> 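Questions regarding the structure given below will be posed in turn.
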Amino acid sequence: MSATLAWPCAAVPEAELGPRTTIRVGGRAEWLLEPAHPDELVAAWCAAHERGYEPRILGGGANLLVPDGLLPGVVIATERLGRVFRPHPEGGAPEGDEFTPVLPARTPLERGADARLVAWAGATLPALVRITRDLGWSGFEGLAGVPGHLGGGVAMNAGGRWGETWGVVESVRLLGSDGVVRQRTRAECAPRYRDGNLDGAIVLGAVLAFRVDEPAAVRERVAGFLREKSAAQPVTEHSCGCVFKNPDRERSGGLGAGQLIEAAGAKGLARGQALVSPKHGNFIVNRGGACAADVLALIQEVRARVADRFGLELELEVKLWR
Ligand SMILES: Cc1cc2nc3c(=O)[nH]c(=O)nc-3n(C[C@H](O)[C@H](O)[C@H](O)COP(=O)(O)OP(=O)(O)OC[C@H]3O[C@@H](n4cnc5c(N)ncnc54)[C@H](O)[C@@H]3O)c2cc1C
């Protein structure tokens, strides 16, 4: 009998993680679990705990650096949790069943209608931008060009100067570190800059609220933000997004992390096949064949140069799995 049958969902032993990250570096996970329903994710989490593992959660791998070699333990991927649908009509959902799909999301709505969607954790941010753009719903345009999954976006409060993930989140369904599933509103979570403030909870899904707008206006904003993003960032290369958080502007003299790195002369630095992007100093790109050790060495070098020049300790935005 295959060992994979021991898990309550699809499971891959010694699964390659590098190809599941946008920077394409890193080794294998001892176990990769791939639930296809939020309830299956909960069951997978419980099964991992019963076997003595504290599972890690993998979304789109767009802000993540996985170590080289074998990563012991269990990784739960949200890849198969991509459903996006309309909420049940008021009071129509059986107790505890609000996250079971009822209607597809793609029918256009008239102005003033309830423009809400329910999305599972693995719905991709680009898909949500596309779906809401095609519906003419406003609220998610600022996430145009940001890769990854909704769960990762909520956990990281992904976004930028045009908007953040939590700007449209009405409530989230969370699996807490105590194994209990809870619904939490935005006010209860109080998300911060690049931090969903979830206290280690796992995002199973979210209710998202938008404003019905003119489809042409939403389309134009999405296209404009995409143009600006591609002009400023190496969006077609393999990277893990911004490596560092922007420091407090008062302490950094108004400079963002990318500008500090450039001013410290670290743009264009390379270690093996990892390179500080000449386009944007806060991105490290994999030119093909880089390993996690190259990227980590580069991160240290960049940090040291900025500390030497400005006396500032840059804080990591990218998550390092060790
Ligand atoms: C080209 C490029 C451009 C980018 N531009 C931006 C940008 O403009 N703004 C921005 O903020 N980010 C940007 N990023 C980074 C990235 O897109 C975001 O941080 C995104 O939210 C990461 O989501 P993910 O699903 O890929 O998370 P992952 O990288 O898979 O995981 C990141 C962290 O979130 C945790 N996590 C993942 N899923 C869940 C879940 N369901 N529940 C709880 N925790 C979870 C992981 O355990 C990990 O700690 C960019 C990245 C790239 C490659």
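These figures come from a predicted structure and were not determined experimentally. Ligands are counted one by one from 1 in listed order, and the atoms in each one are counted from 1 as well.
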> Quick one: does I202 get an N or O within less than 3.5 Å of an N or O on ligand 1?
no
> Does H149 reach ligand 1 with a nitrogen or oxygen that is under 3.5 Å from one of the ligand's nitrogen or oxygen atoms?
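Yes, since at least one N or O of H149 sits under 3.5 Å from an N or O of ligand 1.
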> Tell me which pairs pass salt bridge (charged side-chain N to carboxylate O under 4.0 Å, His left out) where either residue lies in residues 148-159, with sequence neighbours left out.
none
> For ligand 1 and I57, I'd like to know whether there is a polar contact (N/O to N/O, distance under 3.5 Å).
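Among all N and O atoms of I57, at least one is under 3.5 Å from an N or O of ligand 1.
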> Would you say T78 has any N or O atom under 3.5 Å from an N or O of ligand 1, going by distance alone?
no
> Is the closest heavy atom of A201 to ligand 1 under 4.0 Å?
yes
> Hey, does F283 come in under 3.5 Å of ligand 1, counting only N/O atoms on both sides?
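No; every N/O pair is 3.5 Å or more apart.
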> How does S239 reach ligand 1, if at all, at less than 4.0 Å between non-hydrogen atoms: by side chain, backbone, both, or neither?
both
> Atoms of ligand 1 less than 4.0 Å from A155 heavy atoms?
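Numbered from 1, ligand 1 contributes 43 (C), 44 (N), 45 (C).
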> Less than 4.0 Å between a side-chain N and a carboxylate O, is that true for R186 and E170?
no
> Would G241 count as being in polar contact with ligand 1, using the rule that some N or O on each side must be under 3.5 angstrom apart?
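No, G241 has no N/O under 3.5 Å of an N/O on ligand 1.
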> Below 3.5 Å, N or O to N or O, backbone or side chain included: is there any such pair between G151 and ligand 1?
no
> In terms of side-chain heavy atoms, does Q233 have a donor or acceptor partner in S230 at a distance below 3.5 Å?
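There is no such pair (donor and acceptor under 3.5 Å, judged by atom type) between the side chains of Q233 and S230.
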> Answer yes or no: does an N/O atom from L58 fall short of 3.5 Å to an N/O atom of ligand 1?
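Min N/O separation from ligand 1 is not below 3.5 Å for L58.
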> Measure from the side-chain N and O atoms of N63 to the backbone N and O of K319, and report whether any donor-acceptor pair falls under 3.5 Å.
no
> Does a donor on one side chain and an acceptor on the other come within less than 3.5 Å for E164 and Y193?
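Note: E164 and Y193 side chains miss the donor-acceptor criterion.
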> Excluding sequence neighbours, so at least two apart, what forms side-chain hydrogen bond (donor to acceptor under 3.5 Å, both in side chains) with D178?
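Only R182 meet the side-chain hydrogen bond (donor to acceptor under 3.5 Å, both in side chains) criterion with D178.
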> Examine ligand 1 and decide if any of its atoms is less than 4.0 Å from a heavy atom belonging to E237.
no
> Can an N or O of G159 be found at a distance shorter than 3.5 Å from an N or O of ligand 1?
yes
> Just to confirm my output: which protein heavy-atom neighbour is closest to atom 48 (C) of ligand 1, and how far is it?
K319 CG, 3.8 Å
> Indicate, as side chain, backbone, both or neither, the part of R56 found under 4.0 angstrom from ligand 1 when only non-hydrogen atoms are considered.
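No part of R56 is near ligand 1 at this cut-off.
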> Short check: is a protein heavy atom less than 4.0 Å from atom 31 (O) of ligand 1?
no
> Heavy-atom contact check, 4.0 Å cutoff: does R194 meet ligand 1?
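In this structure, R194 qualifies as a contact of ligand 1 - some heavy atom is under 4.0 Å.
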> Can you tell me if G61 has a non-hydrogen atom under 4.0 Å from ligand 1?
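It does, in that a heavy atom of G61 comes within the 4.0 Å cut-off of ligand 1.
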> What protein heavy atom sits nearest atom 37 (C) of ligand 1, and how far off is it?
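Going atom by atom, the protein heavy atom closest to atom 37 (C) of ligand 1 ends up being G152 CA, 3.6 Å.
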> If you measure only the distance, is there a donor-acceptor pair under 3.5 Å linking the side chains of R24 and N286?
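Distance-only check fails for R24 and N286.
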> Going by an N to O cut-off under 4.0 Å, is there a salt bridge joining R133 and E214?
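No, no charged N to carboxylate O under 4.0 Å.
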